[in-house]
Amino acid sequence: MPVEKNTREFDPEIVTDFRERMSYGSYLDLETLLGAQKPVSSPEHHDELLFIIQHQTTELWLKLVLHELRAATEHLRRDRIQPALKCIARVKHIQRTLTEQWSVLATLTPSEYAEFRGVLANSSGFQSYQYRAVEFALGNKNRRMLSVFESDEVAHALLTEMLEAPSIYDEFLRYLHRQGFSIPAAVLERDVTEAWVLHPALVAVFREIYENATLHWGAYEACEELVDLEDNFQLWRFRHLKTVQRIIGMKHGTGGSSGAAFLQKALELTFFPELFAVRTELGT
Ligand code: HEM
Ligand SMILES: N[C@@H](CC(=O)c1ccccc1NC=O)C(=O)O
C-alpha cells in the first residue's frame with residue numbers, strides 16, 4: 001500500500017511531456033521571475049535574498065493593487081458601484097497580506113542588514129514608482145515626486161498619467177453628484193493634479209449618507225470601503241516605520257531623507273479626510 005510507504009500514487013493520466021504543451025513554468029515565465037533575484041553583495045550575503053524577495057513580492061502585489069484601483073475608479077466613473085466595491089475588496093486583502101509580510105523582514109537584525117546595506121548605495125523604496133502610483137490613485141497627488149523618475153521613462157510616463165487622472169475619490173464624488181448629492185462645483189472641477197484638501201461641505205454630504213444609510217446603501221458601503229483602504233494603507237506605513245526603526249534606528253535613509261522621522265510624517269497624510277471628519281459629527 002502506498003500509504004504505508006508514505007508516498008502518493010502518481011496518477012497514470014498525469015501529463016509529463018511538455019515539449020509541445022504549455023507548462024506551469026512557461027505560462028508563468030518562471031525563468032524570468034526566478035532569474036530576477038540578483039544579490040549585489042560579494043561575497044553574497046545570506047540575507048540579501050530575503051531583502052530582494054520581500055521587495056519583489058511587494059512590487060508584484062502593488063502591480064495588482066494598481067490594476068484593481070484603476071478598474072474600481074473606471075467602474076465608479078460609469079456608475080457601476082457594485083463592481084467597484086468588488087475590486088476594492090480584493091485590494092483590501094492584498095493590503096493585509098502586504099502588512100503581514102513585514103514580519104518576515106523583521107527577522108533581519110540590524111547587524112545583518114548593516115553587513116550589506118552599503119551595496120544598496122542610493123537606492124531606496126522612495127523610488128518605487130508603483131507605490132507612488134498607488135498613492136496617486138488614492139488621491140495623494142504630489143508633482144514633486146515625479147522628479148525622482150526623470151531617468152526612468154516608463155515610470156515617469158505612468159506617474160504623469162496617474163497624476164493627471166482623477167483619483168478614486170474624485171470619481172466617487174462625481175458619482176455622488178450624479179446620484180443627486182450636493183457636491184460643490186469647486187470639488188467637481190478641481191485641478192486633479194493637486195493634493196486633496198478638506199472640503200467642509202463634503203462632511204455634510206457624508207453625514208446625510210451615514211445618518212440615512214438604508215436610503216443610500218451603495219454610497220454608504222462605498223464610504224466604509226474607502227475608510228478601510230485608508231486604514232489599511234496607514235497600517236502598512238506604520239509597519240514600515242516600525243521595521244525601519246528596529247533595523248536602522250534613526251539613521252538617515254539611503255534615498256537621502258532623514259529616515260524614520262521622514263516616514264513618521266507620512267502617517268499624518270490622509271486620502272479621504274472628510275470620511276474621517278464625519279465621524280466626529282455623528283450621533284451629535
Ligand atoms: C530593511 C528594510 C527597510 C529599511 C531600513 C527601509 C528604510 C526606508 C527609509 C529610510 C525610507 C525613507 C527614504 C530614504 O531616505 O531612503 C524608506 C522609504 C520607503 N520604503 Fe523602505 N525600508 C525598508 C524596507 C522596505 C520594503 C520591504 C519596502 C517595500 C517595497 C519599502 C518601501 C518603501 C517605500 C515605498 C518608501 C517611500 C515611503 C514614503 O514616501 O513615505 N521599504 N524606506
Ligand atoms: N532606504 C533603506 C534602503 C532600503 O530599504 C531599500 C534599498 C533598495 C531598495 C529598496 C529599499 N527599501 C525601502 O526603502 C535604508 O536607508 O537602509
Side-chain angles (χ1 to χ4, degrees), residues 36-42 44-66 69 91 94-149 151-152 155-156 158-159 162-163 195-196 229-230 232-271:
Q37 294 71 45
K38 300 178 178 116
V40 182
S41 53
S42 174
E44 186 177 322
H45 192 285
H46 173 82
D47 298 314
E48 197 182 346
L49 189 60
L50 158 72
F51 191 77
I52 292 171
I53 289 180
Q54 179 93 19
H55 284 88
Q56 289 184 339
T57 50
T58 301
E59 289 294 337
L60 281 175
W61 282 124
L62 285 176
K63 184 170 181 171
L64 189 58
V65 165
L66 200 53
L69 284 179
V91 171
I94 302 169
Q95 286 178 311
R96 281 182 207 122
T97 292
L98 286 175
T99 300
E100 188 48 44
Q101 192 175 273
W102 282 112
S103 66
V104 184
L105 193 62
T107 62
L108 182 69
T109 66
S111 39
E112 286 162 351
Y113 182 53
E115 282 160 16
F116 68 89
R117 187 180 186 227
V119 304
L120 303 174
N122 284 121
S123 65
S124 162
F126 191 73
Q127 297 137 22
S128 165
Y129 73 89
Q130 293 202 110
Y131 176 83
R132 214 54 77 195
V134 169
E135 279 196 331
F136 283 7
L138 293 173
N140 180 217
K141 302 286 181 75
N142 186 347
R143 191 181 285 280
R144 188 76 183 79
M145 293 297 177
L146 289 179
S147 59
V148 177
F149 304 96
S151 52
D152 183 341
H156 199 273
L158 173 76
L159 283 175
M162 298 300 297
L163 183 74
W196 182 268
L229 275 185
E230 171 152 349
N232 286 348
F233 202 96
Q234 289 293 30
L235 290 176
W236 185 91
R237 281 179 172 151
F238 183 76
R239 288 298 303 275
H240 179 226
L241 170 67
K242 290 291 147 188
T243 311
V244 170
Q245 284 172 339
R246 70 183 282 166
I247 299 180
I248 62 166
M250 297 303 284
K251 284 192 185 83
H252 279 237
T254 49
S257 82
S258 59
F262 178 71
L263 296 173
Q264 181 99 49
K265 284 189 220 131
L267 294 177
E268 282 160 31
L269 297 172
T270 169
F271 298 117

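Both ligands and their constituent atoms are indexed starting at 1 by order of listing.
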Where's the contact between [X] and ligand 2, heavy-atom distance under 4.0 Å: side chain, backbone, both or neither?
{"X": "Gln127", "result": "neither"}
{"X": "Lys251", "result": "neither"}
{"X": "Phe51", "result": "side chain"}

Considering distance alone, does some N or O of [X] sit under 3.5 Å from an N or O of ligand 1?
{"X": "Ser124", "answer": "yes"}
{"X": "His240", "answer": "yes"}
{"X": "Arg132", "answer": "yes"}
{"X": "Leu108", "answer": "no"}

Inset, instruction - Would you check the N or O atoms of Tyr113, main chain and side chain alike, for any that come under 3.5 Å of an N or O of ligand 2? - result: yes

[atom]: which protein heavy atom is closest, and how many Å away?
{"atom": "atom 7 (C) of ligand 2", "answer": "Ser123 O, 3.3 Å"}
{"atom": "atom 24 (C) of ligand 1", "answer": "His55 NE2, 3.6 Å"}
{"atom": "atom 14 (O) of ligand 2", "answer": "Gly125 N, 2.7 Å"}
{"atom": "atom 10 (C) of ligand 2", "answer": "His55 NE2, 3.2 Å"}
{"atom": "atom 15 (O) of ligand 1", "answer": "Ser257 OG, 2.7 Å"}

Legend entry - Residue Arg246 excluded, over 12 heavy atoms near CZ under 6.0 Å: no

Inset, instruction - For the residue pair Tyr129 and Phe149, categorise the inter-ring angle as parallel (less than 30°), tilted (30 to 60°) or perpendicular (more than 60°). - result: perpendicular

Inset, instruction - Mind telling me whether Phe233 and Phe271 have parallel, tilted or perpendicular rings, with 30° and 60° as the class edges? - result: perpendicular

Inset, instruction - Salt-bridge test for Arg132 and Glu135: reply yes if a basic N is under 4.0 Å from a carboxylate O, no otherwise. - result: yes

Inset, instruction - Identify which of Trp236, Phe126, Tyr131 has a heavy atom lying nearest to atom 32 (C) of ligand 1. - result: Trp236

Legend entry - Asn122 side chain to Thr254 backbone, donor-acceptor under 3.5 Å: yes

